Amino acid sequence: MTIAFLGPAATFTDLAVRKAFPTEDRTPCLTIPRCMDLVVAGEVDLAVVPLENALEGTVNLTIDYLYHEANLTIIGEIIAPIQQHLMVHPDHAKRWKEVEKILSHPHAIAQCHKFLHNQFPHTRCEQSTSTAAAAQFISEHPEYRYAAIGNALSAESYQLVIAKENIHDYTFNHTRFIILSKGENRQIDLPLKKTQDKTTIMVTLPTDNPGALHQVLSAFAWRHINLSKIESRPLKTGLGNYFFIIDIGQKMDEVLLPSAFKEMEALGCKVTVIGSYSSYLI
Ligand SMILES: O=C(O)C(=O)Cc1ccccc1
């Protein structure tokens with residue numbers, strides 16, 4: 001089996017893939033959409049992409065590409081702890097406080113916002129395609145006095161020195177990664193701790209039915225179905241037009257969830273199940 005992930009080697013996504021699929025082949029990709037495209041095209045079996053971070057929230061690109069472009073199924077979820085470190089080229093290890101620029105993935109920069117604001121108030125941050133891409137750039141360009149933010153494996157893989165450990169602003173820093181597959185739901189069993197079952201749906205509301213969102217929530221509430229997340233994203237058809245992503249705290253069944261979805265469709269909602277899967281913790 002081959003698994004696409006946001007590369008290069010040693011990203012946080014790569015760490016999750018190595019833990020979840022220790023013996024499978026891995027294909028690094030430059031972007032999250034590229035990971036999904038490879039699954040759609042049948043060039044790889046699965047993709048693992050970040051979906052949500054505890055500090056920074058949803059990875060909008062992942063949700064939006066899933067809704068608008070890539071018809072894929074979520075077959076599993078991996079929740080991984082995230083520790084961000086500041087790293088520099090060994091040539092600059094002693095004078096790391098004088099770096100001129102800090103590179104990283106936008107989510108990693110956002111997770112360290114307070115640290116950067118307090119310790120590097122005059123240093124520019126620049127987005128890179130991933131944390132490991134930032135580390136790789138720094139490794140290949142000792143002539144620049146730059147730093148990268150990323151994990152310990154990327155420091156080791158690209159021969160960088162960790163100048164400051166654990167620079168993320170809040171201790172409880174976790175990221176949810178989803179495992180995507182083409183076609184029907186397929187069962188996977190990962191060598192990790194299984195924590196809960198989930199079903200994720202995407203819902204659009206009717207435009208001519210005031211109170212529809214309340215009624216959607218009622219369809220779950222009176223059945224005692226637990227929701228762990230609801231979020232709106234723009235439909236990209238005009239201001240005020242949204243779709244909703246809803247995480248339900250149980251697997252798809254024969255009766256309860258189908259009856260809730262039928263009730264929502266009777267209100268004029270469009271309901272798409274994008275996965276019913278187990279969540280695993282690293
Ligand atoms: O850039 C990476 O290493 C990624 O895998 C994306 C990411 C960035 C920050 C936190 C979690 C995942």
Side-chain angles (χ1 to χ4, degrees), residues 3-21 24 26-39 44 46-66 74 76-88 101-116 125-140 146-158 160 162 164-180 192 229 279-282:
I3 296 150
F5 67 97
L6 179 67
T11 57
F12 285 99
T13 314
D14 189 18
L15 280 178
V17 175
R18 289 176 197 222
K19 288 267 164 60
F21 302 98
E24 306 297 342
R26 308 184 331 271
T27 299
C29 298
L30 186 65
T31 65
I32 291 170
R34 176 81 186 139
C35 297
M36 298 196 207
D37 286 351
L38 288 187
V39 185
V44 298
L46 304 175
V48 175
V49 292
L51 178 69
E52 184 184 6
N53 174 265
L55 309 189
E56 184 52 16
T58 295
V59 181
N60 292 332
L61 184 58
T62 301
I63 281 288
D64 288 357
Y65 204 75
L66 255 185
I74 305 177
E77 173 183 89
I78 308 158
I79 296 181
I82 302 289
Q83 288 177 297
Q84 303 286 6
H85 311 306
L86 188 76
M87 56 194 78
V88 292
K101 215 185 254 184
I102 299 174
L103 315 181
S104 202
H105 186 275
H107 259 242
I109 295 171
Q111 290 160 33
C112 307
H113 176 77
K114 278 204 295 181
F115 169 83
L116 295 169
C125 289
E126 195 173 286
Q127 296 190 358
S128 40
T129 51
S130 71
T131 56
Q136 187 177 32
F137 181 90
I138 279 166
S139 164
E140 290 167 359
Y146 289 179
I149 298 172
N151 61 50
L153 181 65
S154 69
E156 189 192 318
S157 307
Y158 300 101
L160 302 182
I162 295 183
K164 186 86 181 150
E165 277 187 327
N166 295 325
I167 60 166
H168 44 287
D169 294 331
Y170 299 89
T171 332
F172 187 85
N173 192 15
H174 286 79
T175 293
R176 290 171 68 192
F177 297 90
I178 46 171
I179 306 164
L180 296 168
L192 299 171
K229 182 174 181 182
S279 180
Y280 295 85
L281 188 65
I282 289 183

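Whatever order the structure lists ligands and atoms in, that order sets their numbers, starting from 1. It should be emphasised that the depicted structure is a prediction, and the values quoted were computed from it without experimental measurement.
When each of Ile167, Asp169, Leu55 is tested with Gln111 by the rule side chain to side chain contact (heavy atoms under 4.5 Å, CB included), just one qualifies, namely Leu55.
The side-chain hydrogen bond (donor to acceptor under 3.5 Å, both in side chains) check on Gln83 picks up Asn166, with sequence neighbours excluded. Legend: residues meeting side-chain contact (heavy atoms from CB on, under 4.5 Å) with Leu281, ordered by chain and number and at least two apart, are Ile79, Thr195. Applying the side-chain contact (heavy atoms from CB on, under 4.5 Å) rule to Ile109 yields the partners Ser104, Leu116, Cys125; only residues at least two apart in sequence or on another chain are considered.
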In a simple table, one pair per line, please give the protein and ligand 1 atom names for every N or O pair closer than 3.5 Å, along with the distance.
unit_1   : atom_1 : unit_2 : atom_2 : d
ligand 1 : 1 (O)  : Thr131 : N      : 2.8
ligand 1 : 1 (O)  : Thr131 : OG1    : 3.4
ligand 1 : 3 (O)  : Phe12  : N      : 2.9
ligand 1 : 3 (O)  : Thr131 : OG1    : 2.5
ligand 1 : 5 (O)  : Phe12  : N      : 3.4
ligand 1 : 5 (O)  : Thr13  : N      : 3.0
ligand 1 : 5 (O)  : Thr13  : OG1    : 2.5

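In Arg34, the CZ atom is not crowded: 12 or fewer heavy atoms of neighbouring residues, nucleotides or ligands sit closer than 6.0 Å.
Under a cutoff of 6.0 Å and an axis angle of 45°, Lys19 and Tyr280 do not form a cation-pi pair.
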